[in-house]
Amino acid sequence: MRLELRGITKTFGSVAANSAIDLTVEPGEIHCLLGENGAGKSTLMNILYGLLTPDSGQIVVDGQTREFTSPGDAIKAGIGMVHQHFMLVPVFTVAENLVLGNEESRGGPLGWLDRRKAKADVKEVSARYGLPVDPEALIEDLPVGVQQRVEIVKALMRDAEVLILDEPTAVLTPQETEELFTVMRGLKAAGKSVVFITHKLNEVRAIADRITVIRRGAVVGSAEPTASARELASLMVGRDVRLVVEKEPREPGEVALSVRGLKVTDDRGFLAVDDVSFDLHAGEVLGVAGVQGNGQTELVEALTGLRAATGSAELFGRQLVGASPRAVLRQGLGHVPEDRQHDGLVPDFSIAENLVLDQFDNKPFGGLLTLDLDAIAKNGADRLAEFDIRAESERTPAGALSGGNQQKVVVARALQRDPSLLIASQPTRGVDVGAMEFIHKRIVEQRDAGKPVLIVSTELDEITALSDRIAVMYRGKIVGIVPPDTSNEELGLLMAGGSGDEAEASLEAEAVEPVAEAVAEPDIEAEAVEPVVESETPAETGQPAAEETPAADQSSESADE
Amino acid sequence: MAVATIAAAPTAIAGGTEADTRRYTAGATQIIMGLVMLLGFGLGTRTAHGASTTFGMTLVSKQGTHVPDWVFPARPVIVALAVVVVLLGAARLAVQLPRRWRLIGTSVVLFCFTFAFMAWSAADPKGGERLILPSVLDSMVIAAVPLVLGALGGVVGERSGVVNVAIEGQLLFGGFMTALVGTATHSLWIGVIAGVLAGALMGLLLAVLAIRYLIEQVVLGVVLNLLALGVTGFLFKSLMQTNQNSYNNLTPFTTVRIPGLASIWVIGPVAFDQPLIVYIAVFLVMLVHLGLFHTRWGLRTRAVGEHPAAADTVGVKVLRLRYRNVMLGGAFAGLGGAWLVGNVGNFTENMTNGKGFIALAAVIFGRWSPFGALAAAALFGFTDALASQTSSLQLPIPSDLLTTLPYVATLFAVAGLIGRVRAPAADGKPYIKG
Amino acid sequence: MSDRLKRILAGIGSANTVTVTVLAFVLSVVIGGVLMILSDQHLLSQWGYFFQHPTDALSGSWDKVANGYTAMFHGAVYDPHAKQALRPIENTVVDATPLVFAGLAVALPFRAGLFNIGGQSQLIIGAVCATWVGFTVSAPMPLHVLLVVIAGMIGGALVGGLTGLLKARFGAHEVISSIMLNNIALGVLAWLIKTKAFHDPNRQDAISKPVKDTALLPAIHGSSPELNFSTVLAILAVLLVWWVMSRSTLGFRLRALGSNPDAARTAGISVSRNQVYAMLLAGALMGLVAVTQISGTLSASHAMTTTLDNGIGFTGITVALLGRGKPVGVALAALLFGALDAGGVAMEAATTPTVPHDVVTVVQAVIVVFVAAPKLVQEIFRLRDVRRGDIKGSGTGAAPSVAPATAVDSAAEAV
């Protein structure tokens, strides 16, 4: 099936999400749609899938103009979509999810479900494409990778000829990503086309037959998969970008935060942080790397008092485990939560109120009973200027700010209290390059001022640029603490749990220090930290690895929804 | 293929502190119930002096074979039942039983407790007091019908993601229109149809305001109840009170005796000699159950209530289905209102008196399932019936407090002490495309 | 025309808060009028021959509706024929007073993301405590009143706090547990009234002993014995709630967790504790309604009956909605509803054939529906969208309802 998009335009208010986009997907090709978050990729695909109606433009399938007013129309035309957030009903079985909307019924006015046939159909399709799924399993019990497979089967069961995959690798380990690529190649061999949406350059180069780059709602060019990552990146963001964080080498000070045998369970009762131990020194940035969902969130929640834990985490000798969030904050914690919308900001509150959200009952902002509105307002105005928060005034509600400015508010709140410990999760998620540089600079300032800093990020380049040491988490364990000049390949292997013989071998061979040892013998650890004199990112030193990792890769996973 | 799982690092620890807590609570509760039975009922003053219990077994109001009274010594029977309950409670406390056995155990405990209570309340040394069992059951049926129908309306709406706090208003308006139209047309059954349509109309109003105009659904339900109360109260006073005969005077339902079945010992007259709507209600429960879990409509309804976006992406018309279901739910509740009026023959102001809210409790207590709602409604109806039937027996437990038992039970249920109840994930959340 | 004037006119023509509220009122009055016409058999027969004599039906309907609303106005605001021309407005204030407490009792937890549908139970238990103190305790006049007020507040707060606790500790959804508590309280009340401790031995019906004269709220001035001290309490309550919500640290916490409980928790604000505080305060406010019902001058018996709550717990919800969750807004909404109530009673007495005061309930419900659905009003009157930035979330083009986000999706998540 040959799919063409001609002159697709869609505006939201005064913002053009898509302007006159042309795109052709040939049968049997893997077509990559590359663009930063917010570039308009998802809007385009939602139009193609009938979830949004374009203001103008045409969708042409095999030479025929089609109009999609609902996903049903798109499905009939042979288009399937795997959404970034899976469109599966968690309490349904795989089979129920797969037949939903396309039910085989045995007649009757209501339509009696034919479960046996549904199961048989699922088995048949999953066998045909080599995508094993258990039709009886409940979706909520399945791991993410398998849920994604169910989504692909769902599209195939509806005879999709063109399969759209929206940021499918965001939640996958490198190994799972490889498996997905194998599946994609299999689909291609079966004559299907795949539209692969991503902002990750190395994935594009690994799998694409053709690449279309979108920036600010418009097609800015196409490229061959042989193009260098640097070329692709500059197409995508429109200028040469490098992630550079100016950072002087610095001797770490005394141990500030000492974590021993920390165990944390997640919402479902599973052990999300499994016996984690590490030390964080004053004047040091410790970066926690890992694929999303390997216990980083729970680790931070335990350290900030938001989640119950066992084991020990002492900040300058005071126990954090078992303390309330308030008690931890009283000890001087500055916390940039992972998801500013969800945990960081009160949208109805003004910027000024948000800035004192964790200190409104401390002097000078308030006391036991009353608030000092003047002090709160003055602080708001001061921070607005200091952090270059773009807003009409400090009275503007935080919900009305752009993502980057919201993030600045959250960061400003954490830093204004001169924290004894700074914990920042995804500190630059979804912010523009300028704001990113600014936030990075402020984080390094904290470190230079002798403060202990814990950074959690799923973006490897951010971690390597900021950290003095990198702790890699996999399945709730810290599988290694390595220096920041460790190559991305090695980090990637660690993030995948070092699975596979190669990885094991390289882990043994390289100077990756096992954590247990580091904890048991602090001297060795200190030594291991010392060689960290790397003051620039690989990008600046011009190592080949740099090309793999332009800054654009760092942007958020969330803003593109 | 070794697909690594990321989100679920599945090293489940301990695996069930919550299950343990629940086991302890349930076991302890059952033992306490047993002790109450033993000390309060079995060994209390009411059962002293060789008191005997007399259960009447014939429903005088309906034809059927006369069954002699059932007389037995109160104390030994109650004490025996108490021992059974204590033992079951201890067993529950000691071991983690499989779900099936837990359910059976709880049912037996509830039955023993109820029976002991009835035996105690009808115990009398002189043998003069009696409790007519079929009469209790008959009142239960009558009280349960509007609750079942209201709850069914709630289930259908909430399964597709629209919270229905307006059941009360739907019952009330349905009842009002039944009386008005039924009297005007001199036909109770045309009135019933009008009541059903009126309920559906209230459902449509709820659906439009909740789905199209996005009013918060609980708030909306409360306001619609107020609206129904105002409109029916106003028209009742201005039309019906002044002119009862032309607006509010119906011949009540007559019972439909099912030959053969109605002659079954004790149960027959209660279960198979009732007005047609009783059978319709039970039939609807079965129909909705089959519909929800075995048809395309049900699969789509549940999908829309759990994850509307997922349903939308596979071509299910989310909003249309919600409109239909909320209207259907309103129609069920309207039938419940018709029952209230048709049972007595006329409408009175605020005659639902909170039954819609009890139906809502039945939805939750019954875990959003039709049979669950039926069971909950039966339980609520039974307590109600027991309270009214024992009120003449001069019990030391006031019947007013007895009627609150179902609410206390529901309160425990929503507090998670009797197992967690999980609402449809998208219940009460408007679906906005894009 | 000056720019300023242009802006004001443009503002009126758009779907802003004030315009929507005013138009909602107009629509509800129209619907109330239609109901009046429908309820009159004579008028209906006139409409039956509308095409022969249209004037009969039109003028008859106009008279009916105009008479009804005029009577209402006379009963609620100003009656030129009465000896005390301002007496109606005093009636309005008296009727509005309990609604102020009830509205605040819903509005305050609303801002904290909680939906207080349990006013009935809080009111009832508050009344039980207040009445008990009222007829058992012997104390001089001002002290006794104070004790009754405190008892009522404590009683209400206990039930409210229990709801909050069930939510905070067990995750029981407050809407469902409130509905259960309402029914439990009704049962408890029905039982208590018959007990020896409470039942009035001089009466055959279900009514409690009356409170002593020393427990009655003192009247404010002699000419209008009904206007009593509870109105002063209501004004104080409005000021206090305003202060708490906008100037105190507690209000900061409550507003934060109403808007985003996760962010509040992350910033060290205890969600569960503050939910309990919000419900405690709400219950205490409902307890004040109970005090006005028992010790106020409106009820002749000064005793508990099974219908003492009189639906005020639910009316409080509509008052809070109309007042958009703000204390002053609640006071104004309560005044409007109080006027409707007072006017409704007067209308019922003054019209022939009688127009039952239940039309007031309809008008109240309809106003709230329209206020909660500004988009609907906007469509009916073809108003322009609000200017960007006027009201947050103007995507729908009109003012959002007052419910904070968490209250909005609260109905189901936790039950």
Side-chain angles (χ1 to χ4, degrees), chain A residues 12-14 300-301 304-307 323-331 333-350 353-362 365-373 376 392 396-400 406 409-410 413-414 417 423 425, chain C residues 110-113 171 240 242-274 277 324-326 385-397 399-409 412-414:
Chain A
F12 296 107
S14 56
V300 169
E301 284 178 347
T304 51
L306 291 164
R307 188 177 281 276
S324 68
R326 192 178 155 75
V328 177
L329 286 165
R330 279 232 184 99
Q331 292 197 36
L333 167 76
H335 180 203
V336 178
E338 169 179 299
D339 183 339
R340 61 174 169 267
Q341 304 271 6
H342 194 266
D343 300 314
L345 291 171
V346 176
D348 296 341
F349 272 22
S350 68
E353 284 176 310
N354 270 292
L355 280 167
V356 296
L357 198 62
D358 54 357
Q359 324 182 54
F360 63 92
D361 49 0
N362 291 342
F365 306 122
L368 187 64
L369 281 178
T370 54
L371 298 169
D372 186 338
L373 297 184
I376 291 172
E392 247 175 66
T396 308
Q406 287 183 339
V409 173
V410 175
R413 179 171 73 212
R417 53 188 302 155
I423 297 182
S425 294
Chain C
F110 229 77
R111 298 289 294 278
L240 186 73
W242 172 81
W243 181 83
V244 166
M245 290 318 289
S246 59
R247 291 291 185 272
S248 77
T249 52
L250 175 64
F252 190 93
R253 291 189 186 97
L254 296 182
R255 284 185 291 130
L257 77 96
S259 178
N260 185 351
D262 295 302
R265 194 171 101 85
T266 306
I269 295 167
S270 165
V271 174
S272 51
R273 189 179 306 162
N274 286 292
Y277 290 159
R324 291 166 199 270
K326 305 273 169 60
D385 275 3
V386 179
R387 272 187 302 131
R388 277 178 70 84
D390 270 8
I391 290 162
K392 219 165 53 62
S394 56
T396 54
S401 89
V402 285
T406 43
V408 167
D409 58 27
E413 71 204 4

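We name chains A, B, ... by the order of the sequence lines, and we start the count at 1 in each one.
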Contact class of A/Thr304 relative to chain C, heavy atoms under 4.5 angstrom: neither

Heavy-atom side-chain contact between A/Arg326 and C/Ile269 under 4.5 Å: no

Validation row: A/Leu306, C/Arg265 side chains within 4.5 angstrom (heavy atoms): yes

Segment of C/Ser270 engaging chain A (4.5 angstrom heavy-atom cut-off): neither

Test item: C/Asn260 and A/Phe349 side chains (from C-beta on) under 4.5 Å apart, heavy atoms: no

Side chain to side chain, A/Leu373 and C/Arg247, heavy atoms closer than 4.5 Å: yes

Side-chain heavy atoms of A/Pro347 within contact of C/Ser259, under 4.5 Å: yes

Side chain proximity check, A/His342 to C/Asp262, heavy atoms < 4.5 angstrom: yes

Exercise: identify the closest heavy-atom pair between C/Ala263 and A/Val346: CB-CG2, 4.2 Å

Greatest number of heavy atom pairs closer than 4.5 Å to chain C - which of A/His335, A/Gln359, A/Glu353: A/Glu353

Distance, nearest 0.5 Å, that separates CG of A/Leu371 from CH2 of C/Trp243: 8.5 Å

C/Thr249 side chain to A/Thr370 backbone, donor-acceptor under 3.5 Å: no

Per-residue contact mode, A/Leu333 against chain C (heavy atom under 4.5 angstrom): neither

C/Thr266: which of A/Asp343, A/Leu357, A/Leu345, A/Asp339 passes side-chain contact (heavy atoms from CB on, under 4.5 Å): A/Asp343

